[in-house]
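First the proteins, then the strands, lettered A, B, ... as listed; each starts at 1. Computed from a prediction, not measured in an experiment: that's the story for all the values here.
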There are 2 protein chains.
Amino acid sequence: MRNHKSKKIMQEWEDRLSDHGYRVTSPRRVILDILAESCRPLTPLEVYDRAREKSPKIGLVTIYRTIEKMEELHLIDRVHDHSQCQTVFRATHGHQHLLICSDCGLSAYFDGLEMEDQFEGIGQSYGFQVTGHWLQLNGVCPDCQKQSRNA
Amino acid sequence: MRNHKSKKIMQEWEDRLSDHGYRVTSPRRVILDILAESCRPLTPLEVYDRAREKSPKIGLVTIYRTIEKMEELHLIDRVHDHSQCQTVFRATHGHQHLLICSDCGLSAYFDGLEMEDQFEGIGQSYGFQVTGHWLQLNGVCPDCQKQSRNA
DNA sequence: GTGCTTGCAAATTCTTTGCAACTTT
DNA sequence: AAAGTTGCAAAGAATTTGCAAGCAC
């Protein structure tokens with residue numbers, strides 16, 4: 001049973017693919033549909049399993065390639081999952097968050113801004129019991145800004 | 001040239017390992033040292049390369065196993081890296097952030113709280129030009145709370 | 001018809017596991 | 001001496017690439 005909202009998203013997504021010169025094929029529609037409807041983040045393998053129920057001949061490679069394009073068009077986001085992310089940095093105690101240079105990776109911690117207090121309340125308004133969070137800012141550090149100016 | 005701060009961290013980390021019944025071995029010291037000193041997040045392979053410079057016989061497996069224990073003791077965090085995280089969820093437009101159930105994955109977006117305005121200022125105080133951010137709250141959704149109560 | 005897309009098979013890369021030898025406590 | 005740890009080799013996963021056939025526009 002498809003709801004209105006995901007129908008609308010589907011249309012929007014298909015248009016976006018077309019507008020960028022990508023083709024709306026039937027395997028792609030299956031994948032778009034799964035991602036539009038899902039109320040939880042999915043891995044490529046999970047998308048693959050669901051896709052095969054609707055279209056048994058679909059290949060895993062198509063999942064990867066479609067996800068790639070969807071991300072390029074900002075239709076989907078990659079969610080932070082501890083068990084997948086192998087990149088590590090020393091932890092701090094308590095209320096600090098990370099600022100990371102997207103060019104060179106240089107990182108610094110900054111203080112929590114009393115945001116954490118808000119987090120619990122936000123969770124509660126959705127009935128969630130908040131147990132943790134992850135906040136990071138991505139940007140360009142002073143050195144990399146200089147270099148791009150000189151380039 | 002080691003600075004005071006990373007020396008202090010090293011001591012703290014070694015103590016923490018000992019306190020938990022883990023042994024402070026020389027390969028581990030090399031790895032701890034690299035992670036204490038690094039001013040950017042590192043992948044296991046990057047740690048491995050740096051470790052071999054100091055201790056050529058060290059094995060990649062040791063890196064993985066040491067990172068595992070360090071994470072368990074909360075000495076390091078896993079940083080969100082788009083190129084590694086394959087778990088995807090539909091994107092929203094604009095100022096929304098994600099709330100994710102750590103049990104079942106159920107997710108919801110919540111509004112941005114005008115936090116984004118602060119982000120730029122925070123970045124500037126470190127000389128960074130902020131280009132993006134990732135904020136997600138982890139918690140337990142209503143249904144999963146019920147289930148754990150019944151269990 | 002043109003050019004993007006698909007699915008297969010194969011190659012690559014990354015991560016985990018089993019085990020005998022070795023260290024730390 | 002006991003128990004945790006190491007590195008090797010091998011197994012297992014996950015992701016990417018090459019290519020001929022197929023499909024959308």
Quiz item: With B/E71, which residues qualify under salt bridge (charged side-chain N to carboxylate O under 4.0 Å, His left out), at least two apart?
Solution: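 B/R78.
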Practice problem: Specify the closest pair of heavy atoms between B/K69 and B/R28, including all atoms of both residues, with the distance to one decimal. | Solution: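 Reported closest heavy-atom pair: CD-NH2, 3.6 Å.
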In Å and rounded to the nearest 0.5 Å, what is the [atom1] to [atom2] distance from [X] to [Y]?
X: B/M115; Y: A/L135; atom1: CE; atom2: CG; result: 7.5 Å
X: A/L32; Y: A/E37; atom1: CG; atom2: CD; result: 11.5 Å
X: B/L73; Y: B/Y22; atom1: CG; atom2: OH; result: 6.0 Å

Rounded to whole angstroms, how far apart are [atom1] on [X] and [atom2] on [N]?
X: B/R23; N: D/dA3; atom1: CZ; atom2: P; result: 9 Å
X: A/K69; N: D/dT16; atom1: NZ; atom2: P; result: 12 Å
X: A/E68; N: D/dA14; atom1: CD; atom2: C1'; result: 15 Å

Quiz item: Taking the six-membered ring of B/Y48, is NZ or CZ of B/R50 closer than 6.0 Å to its centre and within 45° of its axis?
Solution: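 Not flagged: B/R50 not positioned over aromatic ring of B/Y48.
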Self-check item: 5′-ward residue of the pair B/Y48/B/Y22 relative to DNA chain D
Solution: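 Nearer the 5' end of the strand: B/Y22.
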Quiz item: Does anything in residues 55-67 of chain B reach DNA chain C, meaning a heavy atom under 4.0 Å, and if so which residues?
Solution: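 When residues 55-67 of chain B is checked for heavy atoms under 4.0 Å from DNA chain C, the hits, listed by number, are B/L60, B/V61, B/Y64, B/R65.
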Practice problem: Report, as yes or no, whether the 6.0 Å neighbourhood of atom CD on A/E120 holds more than 12 heavy atoms from other residues, nucleotides or ligands. | Solution: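 No - once you tally the heavy atoms of other residues, nucleotides and ligands closer than 6.0 Å, there are 12 at most.
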Quiz item: Does the pair B/D143 and B/K146 meet the rule for a salt bridge (Lys or Arg N to Asp or Glu O under 4.0 Å), with working shown?
Solution: CA-CA 5 Å; B/D143 281 356; B/K146 275 178 216 150; 3.6 Å; yes
Quiz item: Looking at DNA chain D, which of residues 70-81 of chain A put a heavy atom within less than 4.0 Å of it?
Solution: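 Those residues: none at all.
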Exercise. Please figure out whether B/S18 or B/L45 has its closest DNA chain C nucleotide nearer the 5' end.
Key: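 Here B/L45 is the residue nearer the 5' end.
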Self-check item: Range on DNA chain C touched by chain A, heavy atoms, distance below 4.0 Å
Solution: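 Counting from the 5' end, contacts occupy C/dG3 to C/dT15.
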Self-check item: Salt bridge A/D77-B/R90, side-chain N to carboxylate O under 4.0 Å
Solution: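 No, A/D77 and B/R90 are not salt-bridged.
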Quiz item: So how far off straight is the helix from C/dG1-D/dC25 to C/dT25-D/dA1, going by the axes through five pairs at either end, to 10°?
Solution: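 Inter-axis angle at the termini of the helix from C/dG1-D/dC25 to C/dT25-D/dA1: 50°.
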Exercise. Check ring-ring contact (aromatic ring centres under 6.0 Å, His included) between A/Y64 and all other residues, then give those that pass, not counting sequence neighbours.
Key: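 ring-ring contact (aromatic ring centres under 6.0 Å, His included) check on A/Y64 returns nothing, list empty.
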Quiz item: According to a strict under-4.0 Å criterion, is B/R28 in side-chain N/O contact with OP1 or OP2 of D/dT5?
Solution: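 So the side chain of B/R28 is within the cut-off, an N or O lying under 4.0 Å from OP1 or OP2 of D/dT5.
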Quiz item: Under 4.5 Å between any side-chain heavy atoms of A/F110 and A/Q96, yes or no?
Solution: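 With C-beta onward as the side chain, the pair stays apart.
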Practice problem: On the 0 to 90° scale, with breaks at 30° and 60°, tag the B/H133-B/H97 ring pair as parallel, tilted or perpendicular. | Solution: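 The arrangement is tilted - the two ring planes meet at 30° to 60°.
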Quiz item: Under 3.5 Å, is there a donor-acceptor pair linking the side chains of A/D15 and A/Q11?
Solution: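 Looking only at side-chain atoms, A/Q11 and A/D15 do form a donor-acceptor pair, the distance falling under 3.5 Å.
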